[in-house]
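The structure displayed is predicted, hence computed values, not measured ones. For ligands, and for the atoms within them, numbers begin at 1 and follow the listed sequence. No hydrogens, no waters, no symmetry mates; every other heavy atom, side chains included, goes into these values.
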Amino acid sequence: MTADHALAASIEQLKRERNAVILAHYYQEPDIQDIADFIGDSLELSRKAASTSADVIVFCGVHFMAETAKILSPEKTVLLPDLDAGCSLADDCPADEFAAFRSNYPDHFVVSYINCTAAVKAQSDLICTSSNAVDLVKQIPEDRPVLFAPDQNLGRWVQRQSGRELTLWPGRCIVHETFNEDAVLQLQLEHPEAEVIAHPECQQHLLDLADFIGSTSKLLGYTETSSSNTFIVLTEPGILHQMKQRVPHKTLIDVPGVDGCSCNACPYMRLNTLQKLHHCLETMQPAIEMEESLRLRALEPIQKMLELSL
Ligand code: 13P
Ligand code: SF4
C-alpha cells in the first residue's frame with residue numbers, strides 16, 4: 001500500500017469513528033475531491049451542510065464556507081483542515097468598513113455574495129451565491145434600490161443579467177482577476193471550435209469572450225450538455241478534475257494567469273491537503289467557533305436565500 005493509500009484508508013476509518021462527512025469544493029486538490037462524500041459549488045455545499053445527519057462536517061473549502069456550515073448546523077462540529085484558508089473577497093470587505101459604507105445607503109436592500117465573513121452576512125438582507133445571484137436579485141421589489149457586496153465583477157454581471165442598477169462594493173477575487181485575455185484569444189485561434197466557459201467572478205472583458213457563464217456546478221453541467229467537444233475554462237483549474245471524469249472524451253483547456261503564472265490556482269483553497277484533512281479528523285481541530293448572537297444574525301439572510309432559491 002502506498003503512503004497516500006494508507007492515509008486515505010486512515011481517513012475513512014476516522015470518518016466512520018467520528019460519524020463525519022467530508023464536503024469538498026471543486027477547487028480542492030484531486031486527492032481531496034476523490035475522498036470527499038460530496039463535492040459541489042457554494043450553494044450545493046450549504047444545502048448539504050444544512051441537511052446532513054453526520055455529527056461532524058469536515059469542510060474542504062475556504063473559511064467562509066465552513067463558517068456558513070456552522071451557522072446552518074450549530075450543533076455539529078465543523079472542521080476546516082487549514083484555518084488560514086481564507087478568500088480575497090472576504091478579506092476585501094472588513095465588517096467595520098462595510099458598516100460605514102452601508103450607512104450611506106440606509107434605504108438599500110443589501111445582497112451579499114456568500115464569499116464574505118459572518119459579520120458581513122449579519123449586516124445583509126439576503127445572501128446569494130454565483131449560481132442564484134441573478135434569480136434572487138430579480139425577486140427584489142423593483143422600487144427598492146440594491147447594494148451588492150463584495151464582488152464587483154459578479155455584481156456587474158448580475159446587473160447586466162437582471163437589468164437592475166446595483167450599488168457595488170469594490171471587492172475582487174485575486175484568482176479570477178488574473179486570467180490573461182491574450183492567452184484566451186490565442187487559445188481561441190488555436191481551437192476555433194472551442195467554447196469559452198467562465199465563472200462570473202471574471203472581469204467583464206473576459207466574460208465578453210464567453211459562450212457560457214455560470215457557477216462551478218453550472219460550468220461542469222454545461223460541459224456535459226453542450227454539443228461542443230472543446231472548452232476553454234475560465235475558472236480555477238481544480239474544476240477540471242470533475243470535468244475530466246464527466247466528459248473524458250472532451251478536450252478541456254485551462255487558462256494561465258498574466259505572465260503565464262500558475263496564479264489561476266486559488267492559494268487559499270490549495271492550503272488544504274490530505275495530511276491536514278487526516279490531522280483535523282484525528283484531533284478534531286481546527287473547529288469553527290462563533291458567538292451565538294452573530295450566528296443568529298448571519299443565519300437569517302442565509303435562510304432567506306435557501307427559501308428563495310429554486
Ligand atoms: P461557486 O459559487 O461556483 O462555488 O464559486 C465559489 C468561489 O469561491 C468561486 O471563486
Ligand atoms: Fe475566494 Fe477567489 Fe479563492 Fe474563490 S477563487 S475562494 S473567490 S480567492
Side-chain angles (χ1 to χ4, degrees), residues 23-29 32-33 36 38-49 59-69 80-93 111-117 120-121 127-136 148-155 157-158 169-179 197-203 206-207 210 212-223 233-243 254-255 257 261-272 302 305-306 309-310:
L23 307 185
H25 191 267
Y26 293 117
Y27 295 166
Q28 292 294 283
E29 295 287 350
I32 291 185
Q33 293 190 35
F38 184 81
I39 312 166
D41 69 3
S42 304
L43 180 62
E44 293 163 339
L45 290 168
S46 306
R47 287 202 172 112
K48 203 72 188 173
F59 213 115
C60 296
V62 290
H63 191 273
F64 77 80
M65 295 179 175
E67 198 174 53
T68 302
L80 178 63
D82 190 320
L83 215 46
D84 289 332
C87 169
S88 67
L89 282 167
D91 291 350
D92 266 0
C93 191
V111 181
S112 294
Y113 186 30
I114 198 164
N115 296 40
C116 65
T117 61
V120 168
K121 288 185 174 77
I127 300 302
C128 70
T129 74
S130 62
S131 75
N132 60 19
V134 173
D135 179 48
L136 293 184
F148 189 93
D151 186 4
Q152 59 182 351
N153 292 322
L154 176 67
W157 178 70
V158 171
W169 173 269
R172 50 189 267 282
C173 160
I174 53 164
V175 175
H176 287 86
E177 284 225 335
T178 182
F179 292 115
I197 59 174
H199 195 281
E201 287 176 15
C202 292
Q203 290 172 292
L206 287 162
L207 294 181
F212 180 79
I213 299 167
S215 74
T216 44
S217 276
K218 289 190 176 173
L219 296 179
L220 180 59
Y222 188 74
T223 59
V233 183
L234 272 167
T235 193
E236 216 270 6
I239 187 74
L240 297 185
H241 185 58
Q242 293 304 316
M243 287 178 176
D254 71 326
V255 181
C261 68
S262 62
C263 34
N264 60 357
C266 175
Y268 306 103
M269 288 275 184
R270 305 297 178 127
L271 282 176
N272 294 324
I302 299 174
M305 168 185 79
L306 295 176
S309 315
L310 301 172

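Counting heavy atoms from C-beta on, the side chains of Val175 and Pro267 come closer than 4.5 Å. Taking the side chain as every heavy atom from C-beta outward, Thr235 and His176 approach each other to under 4.5 Å. Within the 4.5 Å cutoff, no side-chain heavy atoms of Ile174 are placed close to those of Thr178.
Note on atom 3 (Fe) of ligand 2: protein N, O or S atoms under 2.8 Å away count 1, no waters included.
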Working for side-chain contact (heavy atoms from CB on, under 4.5 Å), residues Arg47 and Leu306: CA-CA 8 Å; Arg47 287 202 172 112; Leu306 295 176; 4.0 Å; yes
side-chain contact (heavy atoms from CB on, under 4.5 Å) evaluation trace for Asn264 with Val255: CA-CA 8 Å; Asn264 60 357; Val255 181; 5.6 Å; no
Stepwise side-chain contact (heavy atoms from CB on, under 4.5 Å) check, Trp157 with Val134: CA-CA 8 Å; Trp157 178 70; Val134 173; 3.6 Å; yes
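For Gln33 (side chain) and Tyr26 (main-chain N/O), a donor-acceptor pair under 3.5 Å exists by modelled atom type.
Between atom 7 (S) of ligand 2 and the options His63, Met65, Glu201, Glu177, the minimum heavy-atom separation is to Glu201.
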Starting from the N and O atoms of ligand 1, collect every protein N/O partner closer than 3.5 Å and put each pair on its own line with the distance to 0.1 Å.
| residue | atom | partner | partner atom | Å |
| --- | --- | --- | --- | --- |
| ligand 1 | 2 (O) | Ser42 | OG | 3.3 |
| ligand 1 | 2 (O) | Ser130 | OG | 2.7 |
| ligand 1 | 3 (O) | Ser130 | OG | 3.3 |
| ligand 1 | 3 (O) | His199 | NE2 | 3.0 |
| ligand 1 | 3 (O) | Thr216 | N | 2.8 |
| ligand 1 | 3 (O) | Thr216 | OG1 | 2.8 |
| ligand 1 | 4 (O) | His25 | NE2 | 2.7 |
| ligand 1 | 4 (O) | Ser42 | N | 2.9 |
| ligand 1 | 4 (O) | Ser42 | OG | 3.0 |
| ligand 1 | 4 (O) | Thr216 | OG1 | 3.3 |
| ligand 1 | 5 (O) | His199 | NE2 | 3.2 |
| ligand 1 | 8 (O) | Asn115 | ND2 | 3.1 |
| ligand 1 | 10 (O) | Glu201 | OE1 | 2.9 |
| ligand 1 | 10 (O) | Glu201 | OE2 | 3.2 |

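A parallel orientation is assigned to the rings of Tyr222 and Phe212, their planes being inclined by less than 30° (bins at 30° and 60°).
Nearest heavy atoms, Cys87 versus Asn115: SG-ND2, 3.9 Å.
There is a side-chain donor-acceptor pair under 3.5 Å between Ser131 and Thr129.
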